S.K.: 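Pasting in a structure now, in C-alpha cells, and then I'll have a few things to ask.
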Amino acid sequence: QQQVKQSPQSLIVQKGGISIINCAYENTAFDYFPWYQQFPGKGPALLIAIRPDVSEKKEGRFTISFNKSAKQFSLHIMDSQPGDSATYFCAASRNGGFKTIFGAGTRLFVKA
Amino acid sequence: DTGVSQNPRHKITKRGQNVTFRCDPISEHNRLYWYRQTLGQGPEFLTYFQNEAQLEKSRLLSDRFSAERPKGSFSTLEIQRTEQGDSAMYLCASSLLNENYGYTFGSGTRLTVV
C-alpha cells in the first residue's frame with residue numbers, strides 16, 4: 001500500500017515533443033504528490049507538486065494531471081528540450097507526515 | 001544559505017570499516033531526512049529528525065546505522081562495519097516544519113564499499 005508505481009522506465013522524445021510520465025498509488029491517505037528532477041551526480045530537485053483537491057497544475061512547460069478516482073497522476077513536459085534530459089521521480093506523502101515514497105524513476109532523453 | 005550541503009561527496013571504504021557522513025541543512029528548516037538511493041531506483045527513506053529529535057527510523061536502518069542531529073543543526077549518519085550492500089548514494093534533505101513544501105535535497109554522498 002506504500003508503493004508508488006512509475007512508468008515508463010525510460011523515454012526518448014524528439015525536441016519540441018511532449019514527454020509523458022505516469023504514476024499510480026494505492027494509499028488513499030496520500031495527499032501531496034511532488035515530482036522531482038535529478039541530473040547525474042546531483043540530488044533530486046523539486047519540480048512541481050499537486051494536492052488531490054485539484055485535477056491539474058501547470059508551471060511553465062510542466063503540467064501535473066491528477067485523477068483521484070483512478071489513483072493516478074502524470075507529468076507532462078511540453079516542448080521538451082535537450083536540457084530536460086534527466087531522471088524524473090514521482091512521489092507521494094501524507095500531509096503532516098514525514099516520509100515521502102518515491103517511484104522508481106523515468107530516464108528521459110530528449111533528442112536534439 | 002546555499003542549500004543543503006553534504007560531505008564528503010564520495011567515499012570509498014573497505015568492507016568492515018566505519019564511515020560517517022555529514023549533512024548541513026538549510027538553516028531555517030526544522031525537518032531533516034536521510035534517504036538512500038541505489039542505481040536505477042528512487043530514494044528510500046532511512047530516518048527523520050524534527051529539530052534534534054529523531055522521530056522515525058526505517059526498517060532499512062539496521063543496528064549498524066546511527067544518525068544524530070545535535071542541537072538541531074547539522075546531522076551525521078554513521079555506518080559501522082560496512083558491507084558491500086551498503087554501497088549507495090546517501091541523500092540528505094531538509095524541509096520546513098508545518099507543511100509539505102517538498103524537500104530540498106543535497107547532492108548526496110556516494111559510498112562504495114570494496
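Order of the sequence lines fixes the chain letters, A, B, ..., with proteins taken first and strands second; residue numbering starts at 1 for each chain. Keep in mind it's a predicted model, so treat the numbers as computed, not measured.
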S.K.: Kindly state each residue pair satisfying side chain to side chain donor-acceptor pair (under 3.5 Å) with at least one member in residues 104-114 of chain B, sequence neighbours excluded.
M.R.: none

S.K.: Is I79(B) reachable from F74(B) through a run of hydrophobic residues whose side-chain heavy atoms are each under 4.5 Å from the next?
M.R.: no

S.K.: State the CD-CG distance between Q38(A) and L91(B), to the nearest 0.5 angstrom.
M.R.: 6.5 Å

S.K.: Under 4.5 Å between side-chain heavy atoms, counting indirect links through other Ile/Leu/Val/Met/Phe/Trp/Tyr residues: same cluster for I26(B) and F49(B) or not?
M.R.: no

S.K.: Please report the shortest heavy-atom distance between Y103(B) and Y36(A), naming the atom on each side.
M.R.: N-OH, 2.9 Å

S.K.: Looking at P44(A), G103(A), A45(A), A91(A), which has the largest count of heavy-atom pairs under 4.5 Å with chain B?
M.R.: P44(A)

S.K.: Kindly list each side-chain donor-acceptor pair under 3.5 angstrom involving residues 77-86 of chain A, sequence neighbours excluded, with atom names and distances?
M.R.:
from, atom 1, to, atom 2, distance (Å)
D79(A), OD1, Q81(A), NE2, 3.0
D79(A), OD2, Q81(A), NE2, 3.4
S80(A), OG, G17(A), O, 2.9
S80(A), OG, S19(A), OG, 2.8
S80(A), OG, I77(A), O, 3.2
Q81(A), NE2, D79(A), O, 3.0
D84(A), OD1, R61(A), NH2, 2.9
D84(A), OD2, R61(A), NH1, 2.8
D84(A), OD2, R61(A), NH2, 3.3
D84(A), OD2, Q81(A), N, 2.8
S85(A), OG, P82(A), O, 2.9
S85(A), OG, V110(A), N, 2.9

S.K.: State yes or no: do L75(A) and I101(A) share one hydrophobic cluster built from I, L, V, M, F, W and Y residues joined by side-chain heavy-atom distances below 4.5 Å, directly or via other members?
M.R.: yes

S.K.: So for P34(A), is it side chain, backbone, both, or neither that comes closer than 4.5 Å to the heavy atoms of chain B?
M.R.: neither

S.K.: Which residue pairs pass the salt bridge (Lys or Arg N to Asp or Glu O under 4.0 Å) test when at least one of the two sits in residues 77-91 of chain B, sequence neighbours left out?
M.R.: R64(B)-E83(B), R64(B)-D86(B)

S.K.: Any link between I12(B) and V113(B) through a network of hydrophobic side chains (Ile, Leu, Val, Met, Phe, Trp, Tyr) touching at under 4.5 Å?
M.R.: no

S.K.: Please round to the nearest 0.5 Å and tell me the distance separating atom NZ of K99(A) and atom CG of L46(B).
M.R.: 10.5 Å

S.K.: Test of understanding: clusters of I, L, V, M, F, W, Y form through side-chain heavy atoms closer than 4.5 Å, transitively. Do V19(B) and F65(B) belong to the same one?
M.R.: yes

S.K.: With chain A as the partner chain, list the residues of residues 35-43 of chain B whose heavy atoms fall under 4.5 Å from it, by residue number, and write 'none' if nothing qualifies.
M.R.: Y35(B), Q37(B), G40(B), Q41(B), G42(B), P43(B)

